[in-house]
Amino acid sequence: QVQLMESGGGLVQPGGSLTLSCAASGSISVFHTMGWYRQAPGNDRELVATMTSFGTTDYSNSVKGRFTIFRGATLDTVDLQMNTLRPEDTAVYYCNLRELSDPRREYWGQGTQVTVAS
């Protein structure tokens with residue numbers, strides 16, 4: 001059983017920064033991708049950033065140059081450093097883990113709210 005625990009969401013002013021963290025537990029394949037998606041009210045869930053277990057990263061165009069994804073201090077953890085935040089970044093952010101050998105084996109966190117407002 002795989003579980004994803006998220007932390008770090010909150011309220012921040014435009015131009016500010018936040019760091020999101022996700023920790024995975026359970027039986028996890030060494031070949032996987034792990035990262036973040038987000039969903040704003042009325043919108044589809046969209047990619048933010050992901051990182052494979054061997055270091056390959058993928059970013060959405062809207063966050064390139066502002067957000068950085070990296071492995072955390074704990075095994076099977078991933079952090080998302082978000083800088084120069086904009087109101088349009090406001091969304092629920094979901095941690096995701098997907099096994100590369102079988103994409104049907106996919107797991108989601110409960111989501112953490114990020115609000116960017118004055």
Side-chain angles (χ1 to χ4, degrees):
Q1 189 73 31
V2 175
Q3 293 183 330
L4 303 176
M5 298 295 294
E6 304 151 322
S7 63
L11 174 65
V12 65
Q13 294 184 343
S17 299
L18 282 175
T19 300
L20 304 182
S21 297
C22 180
S25 62
S27 182
I28 303 168
S29 171
V30 296
F31 301 110
H32 65 268
T33 184
M34 188 173 176
W36 295 90
Y37 293 73
R38 68 187 182 187
Q39 187 168 20
N43 292 356
D44 294 332
R45 189 171 299 185
E46 64 178 3
L47 166 75
V48 179
T50 60
M51 175 179 283
T52 68
S53 50
F54 43 90
T56 302
T57 58
D58 189 20
Y59 293 90
S60 73
N61 289 330
S62 63
V63 307
K64 285 181 179 177
R66 299 189 297 121
F67 293 8
T68 303
I69 190 168
F70 58 95
R71 295 287 176 174
T74 306
L75 183 66
D76 292 325
T77 64
V78 65
D79 293 348
L80 182 69
Q81 177 65 48
M82 305 185 294
N83 297 323
T84 320
L85 283 161
R86 305 165 180 167
E88 53 263 41
D89 294 317
T90 296
V92 178
Y93 285 68
Y94 296 90
C95 185
N96 171 268
L97 189 151
R98 184 185 306 111
E99 294 190 10
L100 296 176
S101 61
D102 186 358
R104 294 172 296 180
R105 296 180 179 179
E106 185 177 48
Y107 309 94
W108 293 93
Q110 291 294 106
T112 184
Q113 178 71 47
V114 172
T115 302
V116 184
S118 299

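Nothing fancy with the numbering, it's 1 onward along the sequence. Everything numeric here is computed off the predicted structure, so don't read it as measured data.
Around the CG atom of D44, the shell of radius 6.0 Å holds no more than 12 heavy atoms that belong to other residues, nucleotides or ligands. In the displayed structure, F31 atom CZ is contacted under 6.0 Å by at most 12 heavy atoms of other residues, nucleotides or ligands. At most 12 heavy atoms of other shown residues, nucleotides or ligands fall within 6.0 angstrom of atom CD in Q3. By the neighbour-count criterion of 12 heavy atoms within 6.0 Å, atom CZ of R105 is sparsely surrounded, having that number or fewer from other residues, nucleotides or ligands. Within 6.0 Å of atom CD in Q13, 12 or fewer heavy atoms from other residues, nucleotides or ligands are found, so the atom counts as exposed in its surroundings.
If you chain together hydrophobic residues whose side chains sit under 4.5 Å apart, L97 and L47 never meet in one group. V92 is not connected to M82 by any chain of hydrophobic side-chain contacts under 4.5 Å among Ile, Leu, Val, Met, Phe, Trp and Tyr, and they are in different clusters. Residues Y37 and L80 are members of separate hydrophobic clusters, defined by side-chain heavy-atom contacts under 4.5 angstrom among Ile, Leu, Val, Met, Phe, Trp and Tyr. Both M34 and Y107 sit in one connected hydrophobic cluster of ILVMFWY residues. Membership requires side-chain heavy atoms under 4.5 Å apart, directly or through other members. Residues Y94 and L4 do not share a hydrophobic cluster, defined by chaining ILVMFWY side chains whose heavy atoms lie under 4.5 Å apart.
Between the side chains of D79 and Q81, not a single donor N or O lies within less than 3.5 Å of an accepting N or O.
Y59 contributes a side-chain N or O that, together with a main-chain N or O of I69, makes up a donor-acceptor pair within less than 3.5 Å. Side chain of S53 to backbone of V30: a donor-acceptor contact under 3.5 angstrom is found. With hydrogens and angles ignored, the 3.5 Å screen pairs a side-chain donor or acceptor of E6 with a backbone N or O of Q110.
For residues 12-44, every residue pair satisfying the disulfide (SG to SG under 2.5 Å) rule, not counting sequence neighbours, is listed here: C22-C95.
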